[in-house]
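Structure record follows, encoded as structure tokens.
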Amino acid sequence: MADDKVEPSAGLPRNKIGPKIAEFFLVLMDIIKVVLLGGPVMFRTVLNILRPRKLKNVSGQLALITGGANGLGREMALLLADHGCNIVIVDIDLKSAEKTCDDLRKKRVSAHAYQVDVSSFKDVETLAAKINGDIGPVDILINNAGLIHFTFLQNSSVDEVNKLIDVNVKSYIWVTKIFLSEMMERKQGHIVAISSICGIYPHPWAVMYTTTKHAVNGFMGALREQLRLQGYGRQIRTTCVSPYYISTRKDVTDFLQEPRFELLTTEYSARVIVDGILRNEPTVAVPPFLDLGIRLMQIFPVKIQQLVRDIVVKEHDLHSVKA
Ligand SMILES: NC(=O)c1ccc[n+]([C@@H]2O[C@H](COP(=O)([O-])OP(=O)(O)OC[C@H]3O[C@@H](n4cnc5c(N)ncnc54)[C@H](O)[C@@H]3O)[C@@H](O)[C@H]2O)c1
């Protein structure tokens, strides 16, 4: 074991100015290369904002939506069906999943409901085999099932924390891991994750929820780059979605009584997300540019960020925080 130890002097030679200068110029040349190649990319990005890219054709494709029985998942399913996409709803709430499928079939697409707890690896594995056999391969996978948990850390029980991590993080990993192999074989697919504004902006009154959504953003960022590294970058797309609060659930609206900024409607949020997916956007914020504002703020010292929290976001004014 002693042989495995790394000498403290390993890495760049210390106190030798020559190699350091050479290293500096090599990195500088790489940076210049990035700027030269990045110029046209930035130009195209701005152009895409002014004149958005065309939506891809998903007619006849199969989209699987976890947690698609209710709320945002249901609304995304209805919009994808408007584009001719066939849908599989996977949810623990079978009754609502079947109701959503009835509504989807009215749009002349095929729709199937499965009752599965997506936080169970084994159950998702069995589900994947069933879907592949009964319906066919999944083209668009939307990890959406999630638990919302707005409270201070001390109020979260061990069971609640475990459940939150199981559903909000592990289910995204399991479902992706299981369906990705088939996508790699077919060299085609799209993996979507519904994260949250909490995935980019830590919320003091939702510490554990923030933690799970940061994990989702990390997972999706790393997965996107893994696929690019392996040569699947153009074949298997990824989209990580960060929405602000949506009026899907009573506990959300009850908690956020008189929020600083108005809650989004489910219809509007689903429309922005589905448009982003159909444009192969790697990240989607709802409303658009929300993430840009947050990321810009994060370059400032923490004390300035706290001034923004206190004066602009007014977190301390939330009804449930005061209560
Ligand atoms: N509502 C918001 O303000 C908001 C904001 C940003 C992000 N989000 C995210 O959007 C996603 C959808 O949220 P929503 O507001 O539509 O919630 P919702 O409660 O209306 O819908 C979630 C669905 O997931 C299902 N589900 C829960 N656990 C499951 C499990 N283990 N296996 C299978 N299905 C399961 C539920 O039955 C339900 O149908 C979540 O990931 C949430 O974190 C919500």
Side-chain angles (χ1 to χ4, degrees), residues 58 60-70 72-74 76-77 80 85-94 97-98 100-101 104 110-147 162-195 199 212-241 273 277 280 282:
V58 290
Q61 290 197 359
L62 184 64
L64 182 155
I65 308 178
T66 71
N70 299 289
L72 187 60
R74 173 187 151 86
M76 289 189 290
L80 282 169
C85 200
N86 300 315
I87 308 286
V88 170
I89 301 286
V90 180
D91 206 295
I92 41 172
D93 178 357
L94 186 62
E98 279 173 345
T100 298
C101 284
L104 288 167
S110 82
H112 298 80
Y114 292 90
Q115 186 176 35
V116 172
D117 175 351
V118 285
S119 65
S120 158
F121 184 84
K122 273 214 157 312
D123 291 357
V124 177
E125 230 180 7
T126 311
L127 169 80
K130 228 186 269 177
I131 293 175
N132 274 326
D134 296 353
I135 312 169
V138 169
D139 299 291
I140 305 173
L141 171 65
I142 306 185
N143 283 305
N144 161 80
L147 303 175
N162 278 328
K163 184 102 185 117
L164 209 60
I165 293 172
D166 282 349
V167 179
N168 290 14
V169 185
K170 284 193 192 164
S171 88
Y172 283 40
I173 300 169
W174 300 154
V175 177
T176 303
K177 191 170 161 54
I178 287 165
F179 284 92
L180 182 60
S181 309
E182 172 92 62
M183 288 183 180
M184 283 174 153
E185 268 169 42
R186 297 172 65 220
K187 297 190 181 348
Q188 178 192 324
H190 196 144
I191 296 163
V192 181
I194 306 300
S195 182
T212 62
K213 292 301 183 178
H214 267 66
V216 169
N217 281 47
F219 172 64
M220 288 303 285
L223 179 70
R224 182 190 65 219
E225 293 310 308
Q226 177 201 313
L227 292 171
R228 199 167 70 87
L229 207 64
Q230 292 179 306
Y232 293 102
R234 290 183 166 273
Q235 297 160 350
I236 304 175
R237 302 290 183 163
T238 65
T239 302
C240 185
V241 183
I273 297 168
I277 296 171
N280 285 334

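Keep in mind that what you see is a predicted model, and the values were worked out from it rather than measured.
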**OP:** Could you check if a side-chain atom of Asn144 sits within less than 4.5 angstrom of a side-chain atom of Leu72, using non-hydrogen atoms only?
**Re:** yes

Original post:
Val88 versus Val138: any side-chain heavy-atom pair under 4.5 Å?
Top reply: no

Subject >> Rounded distance (nearest 0.5 Å) linking atom CG of Leu180 with atom OG1 of Thr238 >> reply: 10.5 Å

Original post:
With sequence neighbours left out, which residue pairs that include part of residues 171-194 fulfil the ring-ring contact (aromatic ring centres under 6.0 Å, His included) condition?
Top reply: Phe121-Trp174

**OP:** Please name the pair of heavy atoms, one in Ala77 and one in Ile89, separated by the smallest distance, quoted to 0.1 Å.
**Re:** CB-CD1, 4.0 Å

**OP:** Could you list the residues that satisfy side-chain contact (heavy atoms from CB on, under 4.5 Å) with Ser120, not counting sequence neighbours?
**Re:** Lys122, Asp123

Original post:
In Å and rounded to the nearest 0.5 Å, what is the OG to NZ distance from Ser119 to Lys170?
Top reply: 8.5 Å

**OP:** Can you measure from CZ (Arg237) to CG (Asn280) and round to the nearest 0.5 angstrom?
**Re:** 4.5 Å

Subject >> Reference residue Met76; test side chain to side chain contact (heavy atoms under 4.5 Å, CB included); the match among Ile273, Ile140, Val241 >> reply: Ile273

Original post:
To the nearest 0.5 Å, what is the distance between CG (Asn70) and OG1 (Thr100)?
Top reply: 6.5 Å

Subject >> Nearest-0.5 Å distance that lies between atom CE in Met184 and atom CD in Gln235 >> reply: 10.0 Å

Subject >> Shortest non-hydrogen contact between Ser110 and His112, atoms and distance >> reply: OG-CE1, 3.9 Å

Subject >> All side-chain contact (heavy atoms from CB on, under 4.5 Å) counterparts of Ala113, not counting sequence neighbours >> reply: Leu94, Ala97, Glu98, Cys101

Subject >> For Leu147, side-chain contact (heavy atoms from CB on, under 4.5 Å) partners two or more places apart >> reply: Lys163, Leu164, Val167, Asn168

Original post:
Side-chain contact, heavy-atom cut-off 4.5 Å: Val116 with Asp91?
Top reply: no

Original post:
Between Arg224 and Pro282, which heavy-atom pair has the shortest distance, and what is it?
Top reply: CD-CB, 4.1 Å

Subject >> Val118 side chain reached by Leu127 side chain, heavy atoms, under 4.5 Å >> reply: no

**OP:** Go through Ile173 and Phe219 one step at a time and tell me if the side chain to side chain contact (heavy atoms under 4.5 Å, CB included) criterion holds.
**Re:** CA-CA 8 Å; Ile173 300 169; Phe219 172 64; 4.1 Å; yes

Subject >> Residues forming a side chain to side chain donor-acceptor pair (under 3.5 Å) with Glu125, sequence neighbours excluded >> reply: none

**OP:** Taking the side chain as every heavy atom from C-beta outward, state whether Asn143 and Leu141 have any pair of such atoms under 4.5 Å apart.
**Re:** yes

Original post:
Which residues satisfy the side chain to side chain donor-acceptor pair (under 3.5 Å) test with Asn162, sequence neighbours excluded?
Top reply: none

Original post:
Listed by chain and number, what are the side chain to side chain donor-acceptor pair (under 3.5 Å) partners of Glu182, not counting sequence neighbours?
Top reply: Asn132

Original post:
Do the side chains of Asp134 and Tyr114 get nearer than 4.5 Å, heavy atoms only?
Top reply: yes

**OP:** Applying side chain to side chain donor-acceptor pair (under 3.5 Å), name anything that partners Thr66, two or more places apart in sequence or on another chain.
**Re:** none

**OP:** Grab the two heavy atoms, one from Leu80 and one from Ala63, that are nearest each other, plus how far apart they are.
**Re:** CD1-CB, 4.1 Å

Subject >> Listed partners of Glu225 passing salt bridge (charged side-chain N to carboxylate O under 4.0 Å, His left out), at least two apart >> reply: Arg228

Subject >> Nearest atoms (heavy-atom pairs only) where Met220 meets Val192 >> reply: CE-C, 4.3 Å

Original post:
Considering residues at least two apart in sequence or located in another chain, which fulfil the side-chain contact (heavy atoms from CB on, under 4.5 Å) criterion with Asp139?
Top reply: Gln61, Leu62, Arg186, Gln188

Subject >> Sub-4.5 Å side-chain heavy-atom contact between Leu227 and Leu223 >> reply: yes

Subject >> Residue pair Asn217 / Cys240: nearest heavy atoms and the distance that separates them >> reply: OD1-SG, 3.8 Å

**OP:** Taking salt bridge (charged side-chain N to carboxylate O under 4.0 Å, His left out) as the test, write out the residues that go with Asp93, two or more places apart.
**Re:** none

**OP:** Determine which pairs satisfy salt bridge (charged side-chain N to carboxylate O under 4.0 Å, His left out) with at least one residue from residues 172-181, sequence neighbours left out, and list them in order.
**Re:** none

**OP:** Walk me through it: do Val90 and Leu64 pass the test side chain to side chain contact (heavy atoms under 4.5 Å, CB included)?
**Re:** CA-CA 7 Å; Val90 180; Leu64 182 155; 3.9 Å; yes

